[in-house]
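What follows is a single structure, written as structure tokens, with notes after it.
Basis for what follows: all heavy atoms, side chains included, without hydrogens, waters or symmetry-related copies.
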Amino acid sequence: MDISVIHSIWTILLFVCFGGVVWWAFGKNRKARFEEDANLIFADEQSSKKDQQGEPK
């Protein structure tokens, strides 16, 4: 087994793993969860604005 064959097999294996991660990340079943997770930072910001507005001056 030549080193170039090992490199070719490794390249194909990594390409298949990359394809699996892309398939997992863009799957329809996980879209709602990822959208909710993406908006978590804004939920914290909105609650802190409400807290600031409620304080007496």
Does a side-chain heavy-atom distance below 4.5 Å link Phe18 with Leu14?
-> no

Check Ile6, Val5, Ile12 against Ile9 for a side-chain contact (heavy atoms from CB on, under 4.5 Å) and give me the one that passes.
->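 Going through Ile6, Val5, Ile12 one by one, the side-chain contact (heavy atoms from CB on, under 4.5 Å) with Ile9 is satisfied by Val5 alone.
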
OG-CG distance between Ser8 and Leu13, expressed to the nearest 0.5 angstrom |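 Here the interatomic distance stands at 12.5 Å.
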
